[in-house]
Each structure stands twice: as C-alpha cells, then as structure tokens.
Amino acid sequence: MDAAFVMKRDKGQWFEGIVSSLTRPATKFATVLVNDFDLAEEIVQEAFARMWASPNTPSNEVEFRRYLYRTITNLAHDYYRRRSRRSSLEAPITVVVNPIELVEAKASDEAMKAALNILGLRERQAIYLRYFEDRSFAETARMIGARQVTVRVMVHRALGKLRRHLSESSPSDQVAI
C-alpha cells in the first residue's frame, strides 16, 4: 500500500473518532451562541469541514477542541454580522401604499440604473460585489484581480460619482406654475 494512502486513512479514522466525540458538546456550544439548534448544527458541520480541509488543524484533542470552538465562535460572529447587515439594508414594511410614493420609488430605481450605467465596468463590478453580494474588499479584489487598496479607492470614487449623478438628476421640489 502507498504510504500517503495509509496516512490519509489513519487521519480519516482519527478525525471520525474525534468528530463523533465532540459533535454533541460542540453543537450545544453553538446552540448557546446562536439560540437555534438547526443553525447550530449547520455551524458545527461547517466548522468540522473547515478543520478537515485546513493543514493547520491540531492533532492533540485539547488543542483540537480549542480550535474547533474558536472556529464555531467565528462562524457565529459571521452569522450575526450578516444578519445585522441584512436587517440594516431591509426597508421597513409599509402598510399603506401611496401612489405618488410608488411613482417616486420607480423613478428612483430608474435613476439608480441610469447612475450605475455612468460607471465603468470595473467600477460597476466592484460596487456590485461589495454591496449587492456583500463581499469584503479583499474578496472583491481577488475576484476582479486588483489590489485591495485599489478596490477601496475604486469603490469610494464610484460612490462619489453615484452621489453626484443622483443629486444632479433628482427632480426639483419646486412646482411649475
């Protein structure tokens, strides 16, 4: 048998054993963090998957548990961060629909589309990845093949262009007589 295959098989058996012994306490830990059992199970599965894929996973059980719990904590923080971003981006639900507001909202959507069209391709790409897909600057930089600092500057300048364009094209509050 190949030595690499034997090592991989032994690692797999060791990992299966430690997963079966730590799944229950890790799930309880995650449940305390997120107050949702189903979500806690998903977080624990993701943590184990990341640890399996990581070359830095400790082989000592005590260190493994510490590393696992740190990974679970980070995933829980990520969950809360995404949830708070979503809630801050969600518009409040309006019960009464005013037809004038509906027309103004439609006009502002059209204005936003027109404003996005004034941006260059890379600027649109950076804005889309950063704000519509909620990517970090580092992820956006990797995806468009630029340095992180370049992406920050590009996004900053693109937002400035959008603000200027939208403020110039906004209809006046004055009524024609």
Side-chain angles (χ1 to χ4, degrees), residues 29-57 67-177:
F29 176 70
T31 303
V32 168
L33 295 178
V34 296
N35 298 320
D36 180 353
F37 183 75
D38 294 329
L39 178 62
E41 283 184 325
E42 288 181 32
I43 287 174
V44 170
Q45 283 183 338
E46 177 66 22
F48 279 128
R50 287 183 181 190
M51 292 183 72
W52 173 256
S54 173
N56 300 325
T57 301
Y67 194 73
L68 173 66
Y69 279 31
R70 185 72 236 161
T71 304
I72 291 169
T73 302
N74 290 341
L75 290 169
H77 284 298
D78 290 346
Y79 163 75
Y80 283 119
R81 195 175 307 121
R82 281 190 308 272
R83 191 174 87 177
S84 71
R85 283 183 187 157
R86 273 190 222 119
S87 66
S88 68
L89 294 176
E90 291 176 356
I93 299 172
T94 56
V95 178
V96 178
V97 177
N98 183 348
I100 294 172
E101 290 176 1
L102 188 61
V103 168
E104 288 175 353
K106 182 68 175 169
S108 68
D109 287 346
E110 294 300 321
M112 180 57 81
K113 285 179 188 175
L116 284 171
N117 285 332
I118 69 163
L119 299 178
L121 178 63
R122 284 176 53 100
E123 290 171 322
R124 274 193 312 238
Q125 188 179 22
I127 292 291
Y128 179 81
L129 290 171
R130 179 72 179 114
Y131 294 103
F132 292 89
E133 286 196 7
D134 199 30
R135 304 282 183 183
S136 69
F137 283 111
E139 290 173 316
T140 302
R142 277 193 302 275
M143 292 178 92
I144 66 175
R147 294 182 320 161
Q148 185 173 341
V149 173
T150 304
V151 171
R152 284 181 184 274
V153 170
M154 189 184 317
V155 167
H156 176 75
R157 289 180 181 165
L159 289 175
K161 285 180 186 178
L162 289 173
R163 279 188 205 101
R164 280 190 303 279
H165 182 77
L166 289 172
S167 67
E168 291 169 359
S169 65
S170 66
S172 174
D173 290 336
Q174 298 174 354
V175 178
I177 296 178

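In this text the structure is predicted, and so the values were computed from the model without any measurement.
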Legend entry - salt bridge (Lys or Arg N to Asp or Glu O under 4.0 Å) partners of E139, counting only residues at least two apart: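 So E139 forms no salt bridge (Lys or Arg N to Asp or Glu O under 4.0 Å) with any residue.
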
Inset, instruction - Name all residues meeting the salt bridge (Lys or Arg N to Asp or Glu O under 4.0 Å) criterion together with D78; count only those two or more places apart in sequence or in a different chain, and write none if there are none. - result: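 Here the qualifying residues are R81.
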
Legend entry - Main-chain N/O of R50 paired to S54 side chain as donor or acceptor, under 3.5 Å: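 A pair under 3.5 Å: no.
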
Legend entry - Under 3.5 Å donor-acceptor, T140 side chain and A126 backbone: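 No: the side chain of T140 does not pair with the backbone of A126.
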
Inset, instruction - Heavy atoms only: give me the nearest V34-A76 pair and the separation to one decimal. - result: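 That would be CG1-CB, 4.0 Å.
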
Legend entry - Minimal non-hydrogen separation, E123 against A158, with atom names: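 Where E123 meets A158 most closely, the heavy atoms are CB-CB, 4.1 Å.
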
Legend entry - Side chain to side chain, V155 and I127, heavy atoms closer than 4.5 Å: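 When only atoms from C-beta onward are counted, I127 and V155 do touch, with a gap below 4.5 Å.
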
In Å, rounded to the nearest 0.5 Å, how long is the span from [atom1] of [X] to [atom2] of [Y]?
X	Y	atom1	atom2	value
Y80	R83	OH	CZ	5.5 Å
R70	M51	CZ	CE	12.5 Å
R157	L159	CZ	CG	12.5 Å
L162	H165	CG	NE2	8.5 Å
F48	T71	CZ	OG1	10.0 Å

